[in-house]
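Single-structure report; data block below.
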Amino acid sequence: MSETKIYKPKQISGFPEWLPEYRAVELGWMDKIRSVFERYGFCNIETPSVEEVDALLAKGGETEKEIYTLTRLQEDAHDKDSRLALHFDLTVPMARYVAQRFNDLVFPFKRYQIQKSWRGERPQKGRFREFYQCDIDVVNVDGLPLHFDAELPAVMFEAYQALDIPPVEMHISNRKIIVGYLQGLGVKDIAFVTRELDKLDKIGVEKVTKILTDHLGDAALAEKCLAVVQIKNDFAAKTRALGVKNDLLEEGLRELDFVMDNLQHLPKGSVIADLGIIRGLDYYTGTVIEVRFKDKPLSIGGGGRYDNLAGSFISQKLPGIGVSIGLTRLFAMLLDEGYIKPAAKCPTQVLVVLPSEERRTEAAAAAQTLRRRGFNVELFHSDTKIKKQLSYAEKKGIPYVWFPPFEDGQPHEVKNMADGKQSAADPSVWKI
RNA sequence: GCGGCUGUAGCUCAGCGGUAGAGCGCCUGGUUGUGGUCCAGGAUGUCGUGGGUUCGAUCCCCAUCAGUCGCCCCA
């Protein structure tokens, strides 16, 4: 045997992977989320991991530096421009998909996508470079009823409720409110101001006040900016009381009011009008949503309305609204806190013991009989001590161990690992 | 991209200028066809990598890589 160089495996930061007993939980979550999405009539699509760089950048913005591009290890001359890149969210691929298949789709187009996205960030707690997102979006031609702005958060909320997680709360606002308000105040650099205001929950009132005062050179104006984003319930009256007159602002208030009205059926306290919700993505133009655990500022999901996301791909006006569950962040956070109880290490329900080499045929036949009857069954293939075979079942958490006859004329027996009881059983009729 | 901290067995970590240890896990045994507990025994490390100081470095210095927390940025 030649001496092989061992490559010591390293954990790659930001690219999470789980043990089987936790992956099983994650898979279960996806199934539940998916079934809620389908209950509201969303169809599924899957788009490639990669898009053309130009497509990803079509909306512009600062996302460029986070995009992973694709190159071959052995790059030849004409690959140099590396035109393919991993998508960093599912919204842009969907926009491209809709524009491209415009004639084949039925509108309003309601789709869900559960796929990974990639972002070349510095990984930190709750931030990954590869992660699952569960997106639902509705896209329509020309106009999209405001009712969807209430339905999508409701669907998303139901999906969270289907999971065994601590209660979440949805914070909802409308971009038109903050933008209209700032316009009404005569603030020029709205993008900068909204970005700073968005940090309120993370860095606190004082820091934001200081940043804005420095930037605007007007403490009173900074105060006014901060006043609106701290408004939560009874938002319309409180906002109007600030005395800013602006049409866009009024429209935003009316829309948010409508959305909140249509979410009344959700549990009290789970939906909060919160004018501090702004969201970083600049394509949002109306309703914006963010989901959090109570008392934790980190977002575990969000979304919003966009007037014309596909505009860079097609000369049709395609407004839409979409929300996304940050599955990996959500899962990793709860895993880290020890909240997630591991599932079984394998799906096996019955381990069929191999008594001896001579009995292999019978053991295999018993396993096959049980499988045909719908059980998840594995056969122990090595002719080793029963002690070892049982220990294997124990370690893997397999609930039943099947003993084919050790001698001619003996019955089959099955052992319940939980209580240790063992009794004769027939593989063609036995039930758990 | 910038700054702080960290890098020793599969995992969590201790240790010391004279080439390493614990707990957990793993393997074997406690006889003949039966797990989880207990008992006894055992294996395992280029002490992240490269260079330097030194008679000698895992321990000191430098560099580098990786991890981690924070900044920037952001779903």
Side-chain angles (χ1 to χ4, degrees), chain A residues 3-16 19 59 61-67 87-92 116-135 191-192 194-196 198-199 201-203 207 211 277-284 288-292 297-304 306 322-330 336 351-356 358-359 363 380 383-407 410 413-423:
Chain A
E3 220 174 278
T4 46
K5 177 97 176 167
I6 301 254
Y7 174 80
K8 197 173 180 182
K10 282 175 290 206
Q11 160 191 8
I12 304 174
S13 170
F15 292 81
L19 288 169
K59 284 309 284 181
E62 289 289 305
T63 37
E64 183 170 356
K65 60 185 175 187
E66 292 191 354
I67 294 177
H87 58 238
F88 59 89
D89 69 9
L90 299 176
T91 309
V92 172
K116 282 178 170 171
S117 293
W118 294 266
R119 290 184 197 178
E121 303 189 81
R122 265 234 116 45
Q124 285 174 35
K125 206 183 191 72
R127 309 172 82 182
F128 298 93
R129 297 197 279 190
E130 177 179 70
F131 53 96
Y132 278 111
Q133 287 183 301
C134 313
D135 274 38
F192 176 86
T194 53
R195 193 167 63 234
E196 295 306 318
D198 196 34
K199 294 179 187 169
D201 281 323
K202 274 183 91 173
I203 65 176
K207 283 187 183 165
I211 293 167
I277 299 301
I278 294 163
R279 314 269 308 160
L281 279 185
D282 45 10
Y283 52 65
Y284 291 131
V288 278
I289 303 126
E290 196 161 299
V291 186
R292 307 169 184 166
L298 203 60
S299 152
I300 52 171
Y306 37 87
V323 292
S324 172
I325 296 175
L327 182 70
T328 299
R329 173 179 282 185
L330 178 65
D336 189 51
L351 174 75
V352 175
V353 157
L354 182 67
S356 61
E358 297 75 54
R359 300 276 157 182
F380 203 93
D383 175 19
T384 56
K385 295 181 178 180
I386 302 306
K387 188 185 177 69
K388 267 202 105 164
Q389 302 193 32
L390 273 164
S391 159
Y392 171 79
E394 160 68 22
K395 278 191 282 197
K396 271 187 126 179
I398 300 171
Y400 294 94
V401 173
W402 195 272
F403 292 89
F406 281 62
E407 310 286 343
Q410 284 184 338
E413 289 183 5
V414 65
K415 180 186 181 92
N416 180 336
M417 293 297 278
D419 60 18
K421 286 190 181 134
Q422 188 168 330
S423 52

Polar atoms only, N or O, under 3.5 Å: list the protein pairs with nucleotides 2-6 of chain B and their distances.
none

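- L354(A) pairs by the side chain to side chain contact (heavy atoms under 4.5 Å, CB included) definition with R360(A), A363(A), D383(A), Q389(A), not counting sequence neighbours.
- Distance from the side chain of E394(A) is smallest for G35(B) among the nucleotides C74(B), G67(B), G35(B).
- E413(A) is linked by a side-chain hydrogen bond (donor to acceptor under 3.5 Å, both in side chains) to Q422(A), counting only residues two or more places apart in sequence or in another chain.
- Every residue two or more places apart in sequence or in another chain was checked for a side-chain hydrogen bond (donor to acceptor under 3.5 Å, both in side chains) with E407(A), and none qualifies.
- Residue-level contact check: G326(A) touches neither bases nor backbone, having no heavy atom under 4.0 Å from any strand.
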Exercise for the section: Take nucleotides 25-34 of chain B nucleotide by nucleotide from the 5' end and write B, S or -, depending on whether a protein heavy atom sits under 4.0 Å from the base, only from the sugar-phosphate, or from neither. Expected result: -SSSS---BB
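- At least one side-chain nitrogen or oxygen of R195(A) sits closer than 4.0 Å to the OP1 or OP2 atom of C74(B).
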Side-chain donor-acceptor contacts of residues 392-405 of chain A below 3.5 Å, not counting sequence neighbours, with atom names and distances?
residue: Y392(A); atom: OH; partner: E378(A); partner atom: OE1; Å: 2.9
residue: Y392(A); atom: OH; partner: K396(A); partner atom: NZ; Å: 2.8
residue: W402(A); atom: NE1; partner: H412(A); partner atom: ND1; Å: 3.0

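- With sequence neighbours excluded, the residues forming a salt bridge (charged side-chain N to carboxylate O under 4.0 Å, His left out) with R292(A) are D201(A), E290(A), listed by chain and number.
- Listed by chain and residue number, E66(A), F88(A), D89(A), E121(A), F131(A), Q133(A) satisfy the side chain to side chain contact (heavy atoms under 4.5 Å, CB included) test with R119(A) (two or more places apart in sequence, or in another chain).
- Among the duplex regions that RNA chain B forms, those built from at least three successive Watson-Crick or G-U pairs under 3.5 Å are B:1-7 with B:65-71, B:10-13 with B:21-24, B:26-30 with B:38-42, B:48-52 with B:60-64, ordered by first number.
- When the salt bridge (charged side-chain N to carboxylate O under 4.0 Å, His left out) test is applied to R359(A), the partners found at least two apart in sequence or on another chain are E362(A), D408(A).
- One N or O on the side chain of T328(A) and one on the backbone of Y132(A) form a donor-acceptor pair closer than 3.5 Å.
- Contact annotation: S13(A) reaches the phosphate of U68(B) (side-chain N/O to OP1 or OP2, under 4.0 Å).
- Annotation: side-chain hydrogen bond (donor to acceptor under 3.5 Å, both in side chains) contacts of S391(A) (sequence neighbours excluded): none.
- One donor-acceptor pair, N or O on each side, does fall under 3.5 Å between the base of C74(B) and the side chain of R127(A).
- For D336(A), the salt bridge (charged side-chain N to carboxylate O under 4.0 Å, His left out) test picks out K125(A), with sequence neighbours left out.
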